[in-house]
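In what follows, a single structure is set out as structure tokens and then discussed.
Just so we're on the same page: letters track the sequence lines, and every chain starts at 1. The shown structure was predicted, so the numbers you read here are calculated from the model rather than taken from an experiment. Reckoned from all heavy atoms, side chains included, excluding hydrogens, waters and symmetry mates.
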Protein chains: 2
Amino acid sequence: MERRPTIIDVAKAAGVSKSTVSLVLQRSPQVKEDTRIQVREAMARVGYVYNRSAANLRSASTGLIGLVINDLRNPFFTEFAASLQMKLAEEGYAVVLANINEDAEMQAKMIVALIEHGVSGFVVSPAYGAEDNTLEAIARAGLPAIQVFRKVDDRDDLFPFLAPDYQTGSRLATEHLYNRGCTQVAFVGGLADRAVTMERMSGYLEVTSQRGHEPIVITGAASHEFGVRGARDLYDNYPDVDGVLCFNDLVALGLMAGSQKLGRSIGKDLRVVGFDNIEGCLQSEPQLTSVSCGIPGFAEEISRRMLAWLNDGTPPELGGRTAVELVVRGSS
Amino acid sequence: MERRPTIIDVAKAAGVSKSTVSLVLQRSPQVKEDTRIQVREAMARVGYVYNRSAANLRSASTGLIGLVINDLRNPFFTEFAASLQMKLAEEGYAVVLANINEDAEMQAKMIVALIEHGVSGFVVSPAYGAEDNTLEAIARAGLPAIQVFRKVDDRDDLFPFLAPDYQTGSRLATEHLYNRGCTQVAFVGGLADRAVTMERMSGYLEVTSQRGHEPIVITGAASHEFGVRGARDLYDNYPDVDGVLCFNDLVALGLMAGSQKLGRSIGKDLRVVGFDNIEGCLQSEPQLTSVSCGIPGFAEEISRRMLAWLNDGTPPELGGRTAVELVVRGSS
DNA sequence: TTGTAAGCGTTATCAT
DNA sequence: ATGATAACGCTTACAA
């Protein structure tokens, strides 16, 4: 097990100097085609692999992006992580992943670790809690960082915030329900004080009041179980509700299951729309109408903005929202 | 935006030499308590952060582990990725993630990229296809690598293979079904030529023949949709089957939904057991009995073995299998 | 077009 | 117990 070959070994094998090899590595146009080929051949011959740690010591970027995710097990965030990683890989960047499990302390620790590893930038879907300080280390290191989905630090210039256009999504969904003939539409799920909940609710409130109806809001956990409970709650306390916009698909699926158990026919007696368009939407009976947040597209957008920031120094403009889409299925 | 402080800056601020600072960094016991404190203080004062790229240039390990996942969107693998990342983080290692989307070519590319980034070792849940060569780059780099869940390279010494003890799991599940009074048990789902399928089937075949029954096997995709089709298939062609072990929970959930639509009562007419114990098991009606592969525990095991290999040079012993458990619920 | 030499921030080997 | 100094593998002026 001998040590890995370096550019010096390659240089020797190719009969050139190590600078030339370095130039070839960087695709410099000023090296002659002949020598370029020679060098490439030598590389293959000695089994050379580029050492980015060493390169990084001299030049700036490591080609590493830190990806901090509040809850990787949630399919919504998994989808994002997977999409972003693949997009960044296309551009030659690798992703160092930190799943922080909704733990602000863990988040702070992982951020420091990622900085030590020399990440060139951050994409953070942060945990709530300790809002003030958890991104501080990034600020001190002067690294570019984008907050996605959740905003825990208000310094927009340091940590620009980007999210899908939830408000439009909830507006579309609510209008869809009324257009289908619903007379009373409720909003179910989502913790009351969270910004995401406010946004996913805002379009609902807007349309509902526009149409002269009373809003009916039942906030709570964003879980399947809460959806089941919500079905009972509606049944007992709001029997006239014939349309529901749910905070997310998990809640919606739970609410559908719960309502069916109570004898209601989904898509007829009760129309249901979810949020996120997860795979489970296709596996329920009837299938669930949902607001798709276009996560792969969103990830691509984030990738693009991050690279622009890194390469051209252009931080993302504020207030950017990316397109969402209502996917209509049997449940409504 | 000035450059980041280095150990030299710290040394100056603390009035010691940079060697001393380095020793403090490495928790060397031979540095006096007083100076240690002084140095630590200086670090805080100047806002020092460790630069691992530089350290790596001299010493061996980068503290980076490459995690290559065939399909991160599959909750089973997500769970593994998240668990492993957190375990390794506890030990001071960071995870560089590559989701290769079941694409062998992508896999080869990402492996090279990870090597360039200087990962100290690999954990690979590989894509099928191009079995011969995709791990070759790792072999050439002489890096430790563990294959998990799937085995695509037979060189056990180079790439030891570890997986949960599927065989025992399927044995437990099958016995459970017969003990519940089933007279004909079928196995549904899983692509026919895959090692995983063979293993998840093996316990079923063993117990079934032990009990003097004919095995009934319907292989196919590991999807919800295939489960639905499987329900139809059983209904039409094997009407006497009263117990089913499915390749995984997705298939099982599809099979349950499909069978219910055909008027069969799950847990009575037809008993169903799945594999993986995903969250969806709790959300079906009735809830799904499943073989839990104990992924967090498995991830911990992998973490432990990887670190042993890295630190003590002890590669994992072969044939290691980790514990599984049958979680009994309403569906059986 | 290619070679020479000076760093980059650490760790490791000696001295002291 | 601490300090000086030479690597580590690469990039980047600058010189040839």
Here the distance between atom P of dT1(C) and atom CG of Leu23(A), to the nearest Å, is 11 Å

| task | Determine whether any donor atom in the side chain of Lys32(A) lies under 3.5 Å from an acceptor atom in the base of dT2(C), or the reverse, and answer yes or no. | result | no

Rounded to whole Å, CD1 of Ile7(A) lies from P of dT2(C) at a distance of 15 Å

By nearest-heavy-atom nucleotide on DNA chain D, the more 5' of Gly15(B) and Ile8(A) is Gly15(B)

When you measure from the side-chain N and O atoms of Ser17(B) to the phosphate of dG3(D), is any distance below 4.0 Å, counting only OP1 and OP2?
yes

Asn51(B) has its side chain closest, among dT11(D), dG9(C), dT11(C), to dG9(C)

*Is the number of heavy atoms from other residues, nucleotides or ligands under 6.0 Å of Glu102(B) CD greater than 12?*
yes

- With distance as the sole criterion, do the side chain of Arg58(B) and the base of dT11(C) form a donor-acceptor contact below 3.5 Å? yes

> If you measure from the Lys or Arg side-chain nitrogens to the Asp or Glu carboxylate oxygens, is any gap between Glu136(A) and Arg155(A) under 4.0 Å?
Replying inline: yes

Q) Taking only side-chain nitrogens and oxygens of Thr20(A), does any of them come within less than 4.0 Å of OP1 or OP2 of dG3(C)? A) yes

Closest to the 5' end of DNA chain D, once Val16(B) and Ala54(B) are matched to their nearest nucleotides, is Val16(B)

Between CZ of Arg27(B) and P of dA1(D) the distance, given in whole Å, is 19 Å

In short, Tyr48(A) meets Leu25(A) closest at the heavy-atom pair OH-CD2, 3.6 Å

* Check whether any side-chain N or O of Gln26(B) sits under 4.0 Å from OP1 or OP2 of dA12(C), and answer yes or no. => yes

note: Asn56(A), atom CG; dG7(C), atom P; distance rounded to Å ~ 19 Å

If you compare every side-chain N and O of Ser22(B) against the phosphate oxygens of dT11(C) (OP1, OP2), does one of them come in below 4.0 Å? yes

Whole-Å distance, Leu57(B) CG to dA7(D) P, equals 14 Å

From CD1 of Ile37(B) across to C1' of dA1(D) the rounded distance in Å is 15 Å

N/O donor-acceptor pair, side chain Ser19(A) with base dT4(C), under 3.5 angstrom: yes

| query | Parallel, tilted or perpendicular: which describes the rings of Phe298(A) and Phe80(A), with under 30° parallel and over 60° perpendicular? | reply | tilted

Rounded to whole Å, NZ of Lys18(B) lies from C1' of dG7(C) at a distance of 12 Å

Checking dT11(D), dT4(C), dT11(C) against the side chain of Tyr50(B) (C-beta onward), the nearest is dT11(C)

